[in-house]
Participant: 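Please read through the structure below; I'll follow up with questions.
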Amino acid sequence: MKGKWIIPENVCYAVYGAVVKAGAEVLLCDVDAKTLALDVELTLQLVASHEDIAGVVYVRTYGDTSQDCTAFFARLRSASPEIIIVDDHCLAPPQFEISKPIADVYLFSTGYSKVVDLGYGGYAYSQMALQHRNSPYTQEASVKFDQFIDRIIDNSQPVSDAEFHAEASSEWLKSGVIDSQPYFDAIHNALDKAIETRKRINRIYDQLEIFFRAGAHFNQWRYIIKVENREEIVTRLRSEKLYCGQHFYPLSYFTGKEGNHIWKRIYPGILNLFNDFRYTEEQALRTVEVIQNHGRPWPE
């Protein structure tokens, strides 16, 4: 995998690390303030200003599959016919077929805390010839890489491109071949229950004042809200043994790079509320109470 790959500022650090590990260069692109997905015009500007763009990873932010990307992908192909377009659905419910593919690769995941959580696994649909890559893996390297990322985030301590490349090129990424029939049977068996669990708990979160809610289209994975006093809410929830997530840390902070101001402005107010089998309805009700009583609306 050579050349430069465009990925959004607001995606899991593992995507950044995987591109680096594969031997390519990352170009981070800001997001659209409304869709929270790649900004279309900024992406096309990057493609126009670099001769060696190999691919674009379009991430369905928080599992939002409501965006019709047909026109955007067509413009990408017009600008660079050889470009590889990856449509990342890893936070969306798994699909078992792509009836009218417009991207080159569609990604799905069933790892920890995904919509269908089998604790492992992921798969891709593609009309391209994809090469499976067996990379060395050790648990020690995986833990070390997670600690490296946590250190950057917790201490707001950027690192050089060279240091990130050294860490990302280590043996932290596990790969292997999955026996497909039992794997897809397990997904089929778990999907309906996983979706119903989210719907049931999301109905509780719908009691939140509308100014806290980011939009129903973002709630397929977790329930996304925006608050002005995020750190206070996180502290209050944890004190009551309630939980939430703060994804996704702006990737350009990893190396102290300037730019991509939209996601950096939005990120400090984002919280994702748990709605899977690990969270009870009673916990969801208490979570709503904390946010209603102590949350402050995010300034638009």
Side-chain angles (χ1 to χ4, degrees), residues 10-12 31-37 59-67 88-95 108-119 186-249 263 265-300:
N10 62 338
V11 68
C12 176
V31 302
D32 181 282
K34 291 184 178 179
T35 68
L36 303 186
V59 178
R60 302 291 178 156
T61 303
Y62 302 130
D64 175 18
T65 53
S66 69
Q67 303 302 318
D88 183 339
H89 288 240
C90 287
L91 293 186
Q95 293 176 233
F108 297 90
S109 177
T110 54
Y112 174 78
S113 198
K114 300 303 191 298
V115 174
V116 171
D117 180 351
L118 301 182
I187 297 172
H188 274 285
N189 292 337
L191 181 57
D192 288 346
K193 184 176 180 180
I195 291 174
E196 181 53 40
T197 297
R198 280 168 169 76
K199 287 181 178 178
R200 186 176 68 252
I201 296 181
N202 283 355
R203 283 194 288 269
I204 296 173
Y205 292 139
D206 283 340
Q207 298 174 28
L208 286 165
E209 297 288 351
I210 194 166
F211 49 71
F212 288 126
R213 297 182 242 162
H217 50 292
F218 290 123
N219 297 338
Q220 292 201 87
W221 170 58
R222 290 183 181 170
Y223 196 100
I224 310 302
I225 67 168
K226 297 183 288 184
V227 292
E228 190 274 335
N229 55 330
R230 182 172 75 173
E231 295 308 312
E232 177 187 349
I233 294 301
V234 170
T235 299
R236 288 182 179 277
L237 289 174
R238 288 177 178 170
S239 71
E240 298 195 25
K241 294 183 170 54
L242 302 170
Y243 307 98
C244 60
Q246 303 173 65
H247 307 83
F248 288 96
Y249 187 76
W263 183 245
R265 174 175 61 80
I266 295 172
Y267 164 73
I270 293 284
L271 279 177
N272 55 78
L273 307 181
F274 289 13
N275 56 7
D276 64 9
F277 63 90
R278 296 181 179 86
Y279 220 58
T280 66
E281 293 180 50
E282 187 270 337
Q283 286 175 302
L285 284 167
R286 288 166 55 208
T287 299
V288 167
E289 183 178 359
V290 169
I291 295 166
Q292 295 279 52
N293 290 341
H294 302 285
R296 296 195 297 270
W298 177 254
E300 295 295 343

Participant: Looking only at heavy atoms, which two atoms of Arg213 and Tyr223 are closest? And how far apart?
Facilitator: CD-OH, 2.9 Å

Participant: Mind checking the CD1-CG spacing from Ile195 to Asn202? Nearest 0.5 Å is all I need.
Facilitator: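 Those atoms lie 11.5 Å apart.
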
Participant: I'd like to check Ile225 versus Ile270 (side-chain heavy atoms, cut-off strictly below 4.5 Å). Are they in contact?
Facilitator: no

Participant: Just by modelled atom types, is the Asp64 backbone N or O under 3.5 Å from a matching donor or acceptor in the Gln220 side chain?
Facilitator: no

Participant: Using side-chain heavy atoms (C-beta onward) and a distance below 4.5 Å, is Leu208 in contact with Ile291?
Facilitator: yes

Participant: Do Asn229 and His294 have a side chain donor and acceptor closer than 3.5 Å?
Facilitator: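 No, no side-chain donor-acceptor pair sits under 3.5 Å.
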
Participant: Check for a donor-acceptor pair, side chain of Asn10 on one end and backbone N or O of Ala37 on the other, with a separation under 3.5 Å.
Facilitator: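 Checked: no pair found.
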
Participant: Who pairs with Asp117 by side-chain contact (heavy atoms from CB on, under 4.5 Å), at least two apart in sequence or on another chain?
Facilitator: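 Expected list: Tyr112, Phe277, Arg278.
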
Participant: Determine whether Glu231 and Gln246 make a side-chain contact, defined as any pair of heavy atoms from C-beta on separated by less than 4.5 Å.
Facilitator: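 When only atoms from C-beta onward are counted, Gln246 and Glu231 do touch, with a gap below 4.5 Å.
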
Participant: With rounding to the nearest 0.5 angstrom, report the CD to CG distance, Glu281 to Leu285.
Facilitator: 7.5 Å

Participant: Side chains of Arg222 and Ser113, heavy atoms from C-beta outward: is any pair under 4.5 Å?
Facilitator: yes

Participant: Can Glu196 and Arg203 be counted as an ion pair, charged N to O under 4.0 angstrom?
Facilitator: yes

Participant: Judged by atom type as modelled, is there a donor-acceptor pair below 3.5 Å linking the side chain of Thr61 to the main-chain atoms of Leu36?
Facilitator: yes

Participant: I'd like to know if Glu232 and Arg236 make a salt bridge, using a cut-off of under 4.0 Å between side-chain N and carboxylate O.
Facilitator: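 Judged by the 4.0 Å cut-off on N to carboxylate O distance, Glu232 and Arg236 do form a salt bridge.
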
Participant: Can you say whether the rings of Tyr62 and Phe248 are parallel (under 30°), tilted (30 to 60°) or perpendicular (over 60°)?
Facilitator: parallel

Participant: Could you measure the distance from the CG atom of Asn275 to the CZ atom of Arg200? Nearest 0.5 Å is fine.
Facilitator: 10.0 Å

Participant: Between atom CD of Gln283 and atom CG of Leu273, what is the distance when rounded to the nearest 0.5 Å?
Facilitator: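 With rounding to 0.5 Å, CD (Gln283) is 12.0 Å from CG (Leu273).
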
Participant: Between Tyr243 and Phe274, how do the two ring planes meet: parallel, tilted or perpendicular, split at 30° and 60°?
Facilitator: parallel

Participant: What I'd like to find out is whether the side chain of Pro94 reaches to under 4.5 Å of the side chain of Leu191, using heavy atoms alone.
Facilitator: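 Pro94 vs Leu191: side chains touch.
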
Participant: How about Pro297 and Glu228: do any of their side-chain heavy atoms sit closer than 4.5 Å?
Facilitator: no

Participant: To the nearest 0.5 Å, what is the distance between CZ (Arg238) and CD1 (Ile233)?
Facilitator: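 Output value for this atom pair is 12.5 Å.
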
Participant: Where do Lys114 and Cys90 come nearest, in terms of heavy atoms and distance?
Facilitator: CD-O, 3.4 Å

Participant: I'd like to know if the side chain of Gln292 reaches the main chain of Glu289, judged simply by a donor and an acceptor atom lying under 3.5 Å from each other, with no hydrogens or angles considered.
Facilitator: no

Participant: Evaluate the criterion side-chain contact (heavy atoms from CB on, under 4.5 Å) for residue pair Trp298 and Arg230; output intermediate values, then yes/no.
Facilitator: CA-CA 9 Å; Trp298 177 254; Arg230 182 172 75 173; over 6 Å; no

Participant: Quick check, are the ring centers of His247 and Trp221 under 6.0 angstrom apart?
Facilitator: yes

Participant: Does a side-chain heavy-atom distance below 4.5 Å link Arg198 with Asp276?
Facilitator: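 Yes, close enough: below the 4.5 Å cut-off.
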
Participant: For the pair Asp206 and Ile204, evaluate side-chain contact (heavy atoms from CB on, under 4.5 Å) and give the outcome as yes or no after the intermediate values.
Facilitator: CA-CA 5 Å; Asp206 283 340; Ile204 296 173; over 6 Å; no

Participant: What's the spacing between Ile224 CD1 and Leu271 CG if we round to 0.5 Å?
Facilitator: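 It comes to 9.0 Å.
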
Participant: Give the C-alpha distance, both sets of side-chain angles, the deciding distance and a yes or no for side-chain contact (heavy atoms from CB on, under 4.5 Å) between Val288 and Tyr205.
Facilitator: CA-CA 6 Å; Val288 167; Tyr205 292 139; 3.7 Å; yes

Participant: Got Arg60 and Asp88 here, is their nearest side-chain heavy-atom distance under 4.5 Å?
Facilitator: no

Participant: Please lay out, stage by stage, how Thr287 and Leu237 fare under the test side-chain contact (heavy atoms from CB on, under 4.5 Å).
Facilitator: CA-CA 7 Å; Thr287 299; Leu237 289 174; 4.0 Å; yes

